[in-house]
Structures are given as C-alpha cells and as structure tokens.
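Sequence lines set the chain letters: A, B, ... in the order given, protein chains first and strands last, and positions in each chain run from 1. On a predicted model such as this, the values are computed, not experimentally measured, just so you know.
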There are 2 protein chains.
Amino acid sequence: MILKNQVEWVLHCCAILAGLPKNHYLSTKALAEFHGVPKEYLSKALQSLSQAKIVETTLGPSGGYRLARPTEEITFLDIVEAVEGKGRTFVCNNIRQNNPCRSADHCDTKPCSVARIMWDADEAWRSKLRSVTLSDLVETLAQDVPAELWKSSFEWVMARA
Amino acid sequence: MILKNQVEWVLHCCAILAGLPKNHYLSTKALAEFHGVPKEYLSKALQSLSQAKIVETTLGPSGGYRLARPTEEITFLDIVEAVEGKGRTFVCNNIRQNNPCRSADHCDTKPCSVARIMWDADEAWRSKLRSVTLSDLVETLAQDVPAELWKSSFEWVMARA
DNA sequence: CTATTTAAGGATAATTATTATCCTTAAATA
DNA sequence: TATTTAAGGATAATAATTATCCTTAAATAG
C-alpha cells in the first residue's frame, strides 16, 4: 500500500506556490521542470488540487496556478485527499456475513469490529495530516534549505511567475 | 491507496485461531470456507503470517495453523505488516534533487521536510495499530457477536480443528 | 508401508490501479 | 490574430493485486 507519487509532487508544488507573491501564477510547465516530473501527468494532479479548491487558476500567458487560501488554512490532509481521494485505506468487505453458522436473516447492528479498529488507525493518520499546514511546511523548509539555494530557487520561480 | 483484502482475511482468521483450544490446529480449508474466501489465495496470506512467526503450522490430517504466541502479544500491526509489508505508505523520491538551481555537488543533510511530515503520519497509524492486540479484538467480538452465533461458530470450528 | 491430508512455495494468468502520453477545447493575453 | 495556458477526454504502458494450478515434502491414519 503506497501513496501515488503525485502526492509527493503536489506537496512540493504547494510549497512553491506558497512562496509566490500575491497576484502571481505559476504554470504546470514551470512546476514540472522545477521538480523534474512529467508535465502532462503532473497536470492531472494539479487539476485535482483545482477541483478541491486548494488552488485557483487562470489561462493565457502568465497564467497557471496559485493557492486559493492562506497557507495556514491548507492542511496536508487537504492536499493528500485531493490527489488520493477521501476513502479509507481499509475497505471492509464484511466477510463475517459469510460465516456458515449465520441464519439468513441475521442483521448486523454495528460495523465489523475489525473494521472499526482499522478505521481508528486511519483516523489517527488523517488526524496527524490535518494537524500540519502548508504554513508549517514553509517554516520547516526555510530552516532546512540553505539560504543560497532558497534565494536562487525563488528567483528561478519569479522569472516564470 | 487501499490495503490488500488479505489484510481483512488474516485479521478475521487470527480472531478464529485466538479462540482455538491449546494443541488444536485449523486448516486453510476450514478458514477459507468459514470466511467465504478463495482457499489458494488465503493460503498465501497465511504463509506470510507463518513467516512472520505469528502462527505456527503442522502438516497432515488435523494439521493447519495455530497462534504462535499469546493473544496479548500479537498486535494488529504485527498482522497487518506480515501481509502488507513493513514499508512506509509515503515513498520519498527526493524530487528536491531535481531543483535546477542546485549545484551538482549539493548534499542533503536531512531527509526531505515533506517526507518527514508524511512519515510522522505513517507512524501515527502504526502506533495506533500497535496499541491494539488480538486479545482486545476477541474481547470486542465477544461483546458484539450474539451469544448464539458465537457458540455455533465455535462448534463449527471445533468440528474441524 | 501406503494412501491421504496438509502447508510451502513456484509458475502463471486475470484483473485492476498507477503512471503516463496525446489530443481537442476554450479562455486569457500580448 | 497568434500564442499561451488549464481542463478534460481517450488511450497506452507498466506495475500491483488477486487469484489459480501444480509440485514437493512432511505428518498421520489405517
């Protein structure tokens, strides 16, 4: 069970968009080139972000993407779910219904115990992702990325935004 | 990103094995029939449990599987990892290395910030699964499953164990 | 000793999900 | 008007999941 590589891509894209000055847009082309990923396929992932209202777009030259909300109001969960979907990692097929000892009219009152436990773990995962915002990420990156590289990357982006 | 259906199967199988008296084994055939799942494929999942030392086996008539440890010492994480592997759900391809502003000899000191956050969420998931044992599951099932069905299921199993 | 039952594991096939690529359309803009 | 862009449809390539079938060797019952 592995997340799509698009998740990694859009998280990094959002980090870049987070550093963009107001009223600037960055194109799929620039984002794909910056991260060294295929433009057409990245485009699909960015469309998912757009549908999820995490980014907004404009067309034409100097068009592209920008964040739709302040960085403090965009969580990792928002971004991950936009690409990966909101479904749970554990799907309960209710195999307890196949128990040969069950009467045909047996009716379950609660979800399966196994599923409840697995879903609790899912929720712990979600909860953790919900607790981290893009703002937090930018803060961490600002500390981790050498000042030199931080500056040149910003300039690279601004030459295209 | 969805867990294998084998995860659901083996969790239910372990619940059944947890109710087995000492020195009894239950075969793949019985477990597959009880849960209404394909015997051959379930067998692969049970082999994984065996390799993970969660269950132990014996051959021949009246052979099959039994738990290798007390129920309090088998966690959901043990079982899930046996089938699903121990890898993380987020794989970092380190796309920051593709940043065109990087000098060729640039060397990262820490793992990528994005990955660290995603891995924290993975760990929250694992941690939750590690906190629940087979013993806990059996306790919950004992409350959820009607006494009638509980009894008849036990008898069904014992007729084959 | 023999026939049967069983788990283990190899080989392979079918199905589904992921990872793309290409093309058309319509909007923005220079 | 020509160019640039996102959106979205269609399709293909690759990989993961979900099986099925077969052989081998160990345990056991007769």
Side-chain angles (χ1 to χ4, degrees), chain A residues 1-10 13 17 23-33 35-68 80 82-85 87 89-91 93 95 160-161, chain B residues 1-10 13 17 23-33 35-68 80 82-85 87 89-91 93 95 160-161:
Chain A
M1 186 192 56
I2 291 177
L3 290 164
K4 301 180 188 172
N5 57 13
Q6 287 183 329
V7 170
E8 182 182 17
W9 301 356
V10 296
C13 286
L17 296 180
N23 294 325
H24 281 256
Y25 291 87
L26 195 61
S27 70
T28 307
K29 183 161 173 280
L31 286 167
E33 193 181 337
H35 294 113
V37 302
K39 173 177 170 281
E40 308 276 6
Y41 191 38
L42 174 62
S43 167
K44 299 293 183 189
L46 294 172
Q47 283 172 40
S48 299
L49 290 189
S50 181
Q51 284 162 2
K53 304 281 175 65
I54 292 166
V55 298
E56 47 193 27
T57 69
T58 188
L59 294 174
S62 83
Y65 296 89
R66 72 178 175 196
L67 295 181
V80 170
V83 167
E84 198 65 38
T89 68
F90 181 84
V91 173
N93 295 111
I95 59 174
R160 291 158 180 86
Chain B
M1 185 192 57
I2 292 179
L3 290 165
K4 301 179 189 172
N5 57 12
Q6 287 183 329
V7 170
E8 183 182 17
W9 302 354
V10 294
C13 286
L17 295 181
N23 293 326
H24 282 255
Y25 292 86
L26 195 61
S27 69
T28 307
K29 182 159 173 281
L31 287 166
E33 193 180 337
H35 294 113
V37 301
K39 173 177 171 278
E40 306 276 7
Y41 191 38
L42 173 63
S43 165
K44 299 293 184 188
L46 294 173
Q47 282 172 42
S48 299
L49 290 189
S50 181
Q51 283 162 3
K53 305 280 174 67
I54 292 166
V55 298
E56 48 191 26
T57 68
T58 188
L59 296 174
S62 82
Y65 296 88
R66 71 177 177 198
L67 295 182
V80 170
V83 166
E84 197 65 37
T89 69
F90 181 84
V91 172
N93 294 111
I95 59 174
R160 290 156 180 86

**OP:** Applying side-chain contact (heavy atoms from CB on, under 4.5 Å), name anything that partners B:Ala30, two or more places apart in sequence or on another chain.
**Re:**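 side-chain contact (heavy atoms from CB on, under 4.5 Å) check on B:Ala30 returns B:Leu26, B:Ser27, B:Trp156, B:Arg160.
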Subject >> Any residue meeting side-chain contact (heavy atoms from CB on, under 4.5 Å) with A:Ser43, in chain and number order, not counting sequence neighbours >> reply: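 side-chain contact (heavy atoms from CB on, under 4.5 Å) check on A:Ser43 returns A:Thr28, A:Gln47.
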Subject >> Residue pairs passing the ring pair (Phe, Tyr, Trp, His ring centres under 6.0 Å) test where at least one lies in residues 36-57 of chain B, sequence neighbours excluded >> reply: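 Counting only pairs at least two positions apart or across chains, the ring pair (Phe, Tyr, Trp, His ring centres under 6.0 Å) contacts touching residues 36-57 of chain B are B:Trp9-B:Tyr41.
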Original post:
Tell me, for nucleotides 5-14 of chain C in 5' to 3' order, what letter each nucleotide earns: B for a base near a protein heavy atom under 4.0 Å, S for only sugar-phosphate near one, - for neither?
Top reply: BBBBBBB---
Tell me the interatomic distance from [X], atom [atom1], to [N], atom [atom2], rounded to whole angstroms.
X: A:Ile2; N: C:dT19; atom1: CD1; atom2: C1'; value: 14 Å
X: B:Ile95; N: C:dT19; atom1: CD1; atom2: P; value: 13 Å
X: A:Met1; N: C:dA17; atom1: CE; atom2: C1'; value: 15 Å
X: A:Tyr41; N: D:dA13; atom1: OH; atom2: P; value: 16 Å
X: A:Asn5; N: C:dA17; atom1: CG; atom2: P; value: 17 Å
X: B:His24; N: D:dT28; atom1: NE2; atom2: C1'; value: 16 Å
X: A:Glu8; N: C:dA20; atom1: CD; atom2: P; value: 12 Å

**OP:** Output the distance between atom NE2 (A:His24) and atom CG (A:Leu17), rounded to the nearest 0.5 Å.
**Re:**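 Atom-to-atom, A:His24:NE2 and A:Leu17:CG are 13.0 Å apart.
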Donor-acceptor pairs under 3.5 Å, side chain of residues 48-57 of chain A to any protein atom, not counting sequence neighbours: which ones?
unit_1  : atom_1 : unit_2  : atom_2 : d
A:Ser48 : OG     : A:Lys44 : O      : 3.3
A:Glu56 : OE2    : A:Arg66 : NE     : 2.9
A:Glu56 : OE2    : A:Arg66 : NH2    : 3.1

Subject >> Non-hydrogen atoms of B:Val83 and B:Lys4 that approach each other most closely >> reply: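 Closest approach of B:Val83 to B:Lys4, heavy atoms only: O-NZ, 3.3 Å.
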Subject >> Nearest heavy-atom neighbours spanning A:Ala32 and A:Pro38 >> reply: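 The answer is CB-C, 4.4 Å.
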Original post:
So what does the secondary structure string of DNA chain C come out as, 5' to 3', with Watson-Crick or wobble pairs under 3.5 angstrom, [ ] for crossing and | for pairs with another strand?
Top reply: ||||||||||||||||||||||||||||||
**OP:** Might you confirm whether atom NZ of B:Lys29 has over 12 heavy atoms from other residues, nucleotides or ligands at distances under 6.0 Å?
**Re:**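 No, the 6.0 Å shell around NZ holds no more than 12 heavy atoms from other groups.
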